[in-house]
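One structure is given here, and the rest of the page talks about it.
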Amino acid sequence: MKPHTLSVLVENRAGVLSRVAGMFSRRGFNIESLAVGTCEEPDMSRITIVVNGNDSVVEQVMKQTNKLIDVIKVSDLTERESVERELALIKVAAEPGTSRAEILQIADIFRAQVVDVGAKTLVLQVAGDTDKIDALEKLLRQYGIKELVRTGKIAILRGSKTVTSSK
Amino acid sequence: MKTGARTLIEALQREGVDTIFGYPGGAVLPIYDELYDSSIRHILVRHEQAAAHAADGYARASGRVGVCLATSGPGACNLVTGIATAYMDSIPVVALTGQVPTGLLGNDAFQESDITGITMPVTKHNYLVKSADDLDRMVQEAFYIARTGRPGPVLLDLPKDVTTSMVKSAKPASGTVSLRGYQPTYEGHVRQIDKALALIAGAERPLIYAGGGVVLSGASAELLLFAETAAIPVTTTLMGLGAVPGDHPLSLGMLGMHGTQSANYAVTECDLLIAVGARFDDRVTGKIETFAPNAGVIHIDIDPAEIGKNKTVDVPIVGDVKAVLQALISRMQKHGNTAAWMNRINAWKAQCPPGYRDDDHLRPQYVVRELSDILKGEAVVVSEVGQNQMWTALHYCFKKPRTWITSGGLGTMGYGFPAAIGAHYARPDLPVVDVAGDGSIQMNIQELGTVAHYKIPVKIVILNNMYLGMVRQWQELFYDRRYSYTELPPVDFVRIANAYGVDGLMVDEKADVREALETALATDGPFVLDFRVEREENVYPMVPAGAAINEMIGVRQK
Ligand SMILES: Cc1ncc(C[n+]2csc(CCOP(=O)(O)OP(=O)(O)O)c2C)c(N)n1
């Protein structure tokens with residue numbers, strides 16, 4: 001059992017996400033994370049899905065996903081050289097004074113950006129892999145996290161290889 | 001310029017549709033208006049579920065795409081069981097549903113239901129047609145998707161404004177469909193085929209396990225040639241019956257929960273299992289760990305997702321069963337020598353064929369055997385679900401593909417009668433018989449109205465045990481004979497038939513069975529036979545749930 005990152009190229013049509021998500025829940029596959037957006041082709045979208053399972057489960061997941069008519073290509077990026085990123089927005093309690101300075105220092109170390117400064121809060125934006133965001137979240141917890149929003153993971157192959165339509 | 005409805009009808013005609021099973025309503029009025037003077041025959045059923053099953057039965061008997069039509073909301077929802085039934089058995093059906101106008105979608109409008117959402121898990125694909133300009137292309141795609149690759153039902157949801165509005169782009173359909181997300185593999189990989197042949201050449205006890213995919217692919221002749229060339233015995237699933245003639249020396253009949261002893265023993269002892277268009281369903285395998293425990297496995301299927309789903313496979317071959325079998329035959333060099341294995345199998349076949357107590361009681365198996373003896377395989381036999389289905393599978397000798405029609409995957413009671421109606425329109429040259437239970441037949445008994453209306457010569461053979469027999473059997477065996485809600489009070493089926501204007505006969509003596517069957521078959525129109533059979537007869541052999549398939553109860557000693 002380990003998380004697999006799948007890159008799924010789909011037709012950019014109404015209902016595609018619900019077809020993919022519905023198939024996952026129907027067959028009992030657990031989605032750890034999901035991100036969907038437009039891509040380099042105007043009539044396609046790319047979904048990045050992280051699923052947990054052993055090799056045979058992930059093989060089934062990929063085959064069943066591939067069977068959906070609106071799915072153009074499915075690739076498992078897990079064992080391949082790829083860049084994986086998540087984005088988080090963290091609203092942390094920051095009264096003016098020492099804690100605010102500490103938070104800014106931590107943000108700096110994590111290369112997080114301050115995207116909003118309020119009277120009693122700061123909003124940090126951080127991008128990175130799952131571990132990095134988890135680590136930042138853990139550190140900030142002592143100051144009081146008011147709200148946290150995380151995107152699903154997105155991933156792309158390194159080098160010139162691509163996950164594009166050739167199915 | 002023409003309307004969406006007109007475009008739809010023309011697109012259906014282009015796809016070769018000659019018959020539609022349907023039921024009208026507000027949202028499909030524009031379509032019905034076009035059907036009124038169209039060359040397409042429309043059969044008015046009495047419940048939309050029957051329309052879906054009839055389209056499915058038409059498809060199974062003919063090998064072509066079956067078509068059903070219903071109005072929005074309740075009409076569409078009534079199709080769902082039928083669509084799910086077709087989906088589980090990979091049957092090519094196109095379901096057309098009316099829908100509220102696009103402007104009202106999502107508003108909980110009168111008779112609105114999200115039928116594309118509802119049927120997403122039970123269709124191969126579906127479409128909500130939002131513009132009349134898309135209609136022609138989407139119809140073409142729907143038929144293409146339904147019948148190619150691993151077949152399955154496709155639903156087209158047609159809002160009323162789409163069928164009434166004028167089509168602007170007069171661009172005719174190109175004739176070929178190309179979908180970048182859907183490209184089935186038809187030819188098996190040569191290297192895999194040679195690997196399979198090497199395993200076959202080395203096997204001492206090979207066995208072919210053939211499923212519904214053989215029938216769907218039209219590969220019966222190839223399967224038989226392959227089996228004969230390599231001298232390999234064949235067992236079939238419930239869906240595969242008829243793929244090889246039941247009386248062929250290499251045939252072992254059905255395997256699985258109610259399989260024959262010889263088939264289940266052969267699976268357990270074989271050293272090579274060649275699965276052809278079959279999917280290792282739990283009703284076939286029993287406890288999967290003990291299914292074909294000593295065998296290498298070759299799995300041929302057009303759907304890559306079936307390979308390795310339930311059972312680890314040594315040589316997977318993705319492709320159309322027919323094409324793969326042709327390749328196997330043409331590349332086969334060494335012919336197998338399976339004489340010793342065949343001797344063992346023939347001993348099982350001789351010692352323990354599917355049996356029953358043949359005394360002077362009216363037993364259901366006897367009715368099926370008499371039917372088999374009269375029809376000699378020259379008929380389409382449909383079943384309902386339950387004991388009637390298993391007795392037909394075990395005691396009727398199927399000789400050709402597409403002459404056996406049953407709901408295997410979903411096990412839908414009420415399927416048989418409407419499916420038989422569909423089968424008649426596919427094969428008007430053959431007698432069509434629905435073998436039913438008294439429970440199942442009451443699930444779509446209103447279709448007596450349809451067969452009376454169109455004088456459809458479907459013969460209904462009710463094996464009336466006044467029980468939900470298969471459930472009662474489980475209660476007898478596993479719930480201490482506590483017959484909780486499985487007894488059905490007697491019904492006078494002949495009077496019901498007569499009320500619809502259909503002839504019928506009640507039979508309660510074994511001596512009258514043959515004549516009754518002959519009378520029904522000799523009658524021009526529909527006919528209902530109500531056989532009052534021995535009430536607590538069981539289907540044997542039987543593999544209890546969770547047991548290994550060679551651990552059967554109710555068997556003859558080998
Ligand atoms: C629609 C539906 N509901 C319930 C069942 C569960 N079920 C399976 S077999 C059976 C009994 C069938 O009784 P009957 O049609 O009288 O046939 P018999 O087994 O007596 O031949 C039932 C209730 C089913 N398969 N389908």
Notebook entry, point to check: More than 12 non-hydrogen atoms from neighbouring residues, nucleotides or ligands closer than 6.0 Å to CG on A:D55, yes or no?
Noted result: no
Margin query: Looking at B:R283, I'd like to know if its CZ atom is crowded, meaning that more than 12 non-hydrogen atoms belonging to other residues, nucleotides or ligands lie closer than 6.0 Å.
Written below: no
Notebook entry, point to check: Shortest non-hydrogen contact from B:P121 to A:R26?
Noted result: CB-CD, 3.3 Å
Notebook entry, point to check: Side chains of B:R150 and A:K67: does their closest heavy-atom pair fall under 4.5 Å?
Noted result: yes
Note to self: Is A:S56 close to chain B through its backbone or its side chain, or both, or neither, when contacts mean heavy atoms under 4.5 Å?
What the structure shows: neither
Note to self: Using a 6.0 Å cut-off, check whether atom NZ of A:K91 has over 12 heavy atoms from anything other than its own residue.
What the structure shows: no
Next item on the list: Could you tell me whether A:I156 atom CD1 has more than 12 heavy atoms of other residues or ligands within 6.0 Å of it?
Entry: no
Note to self: With a 4.5 angstrom heavy-atom cut-off, is it the side chain or the backbone of B:L128 that approaches chain A, or both, or neither?
What the structure shows: neither
Check: In terms of side-chain geometry, is the basic nitrogen of A:E11 or B:R180 positioned less than 4.0 Å from the acidic oxygen of its partner?
Finding: yes
Checklist line | Atom of A:Q64, atom of B:A305 and distance for their closest heavy-atom approach | finding: NE2-CB, 3.5 Å
Checklist line | Heavy-atom pairs under 4.5 Å with chain B, option from A:M44, A:M23, A:R13 with the top count | finding: A:M44
Notebook entry, point to check: Does NZ belonging to A:K146 count more than 12 external heavy atoms closer than 6.0 Å?
Noted result: no
Check: Taking side chain as C-beta onward, heavy atoms only, is A:R19 less than 4.5 Å from B:N126?
Finding: yes
Item checked: More than 12 heavy atoms of other groups within 6.0 Å of B:K309 NZ -> yes
Next item on the list: Check whether any side-chain heavy atom of A:D70 lies under 4.5 Å from a side-chain heavy atom of B:H125, and answer yes or no.
Entry: yes
Notebook entry, point to check: Measuring from A:I69:CD1 to B:I145:CD1, what's the distance to the nearest 0.5 Å?
Noted result: 4.5 Å
Check: In this structure, are over 12 heavy atoms from other groups packed under 6.0 Å from A:K132 atom NZ?
Finding: yes
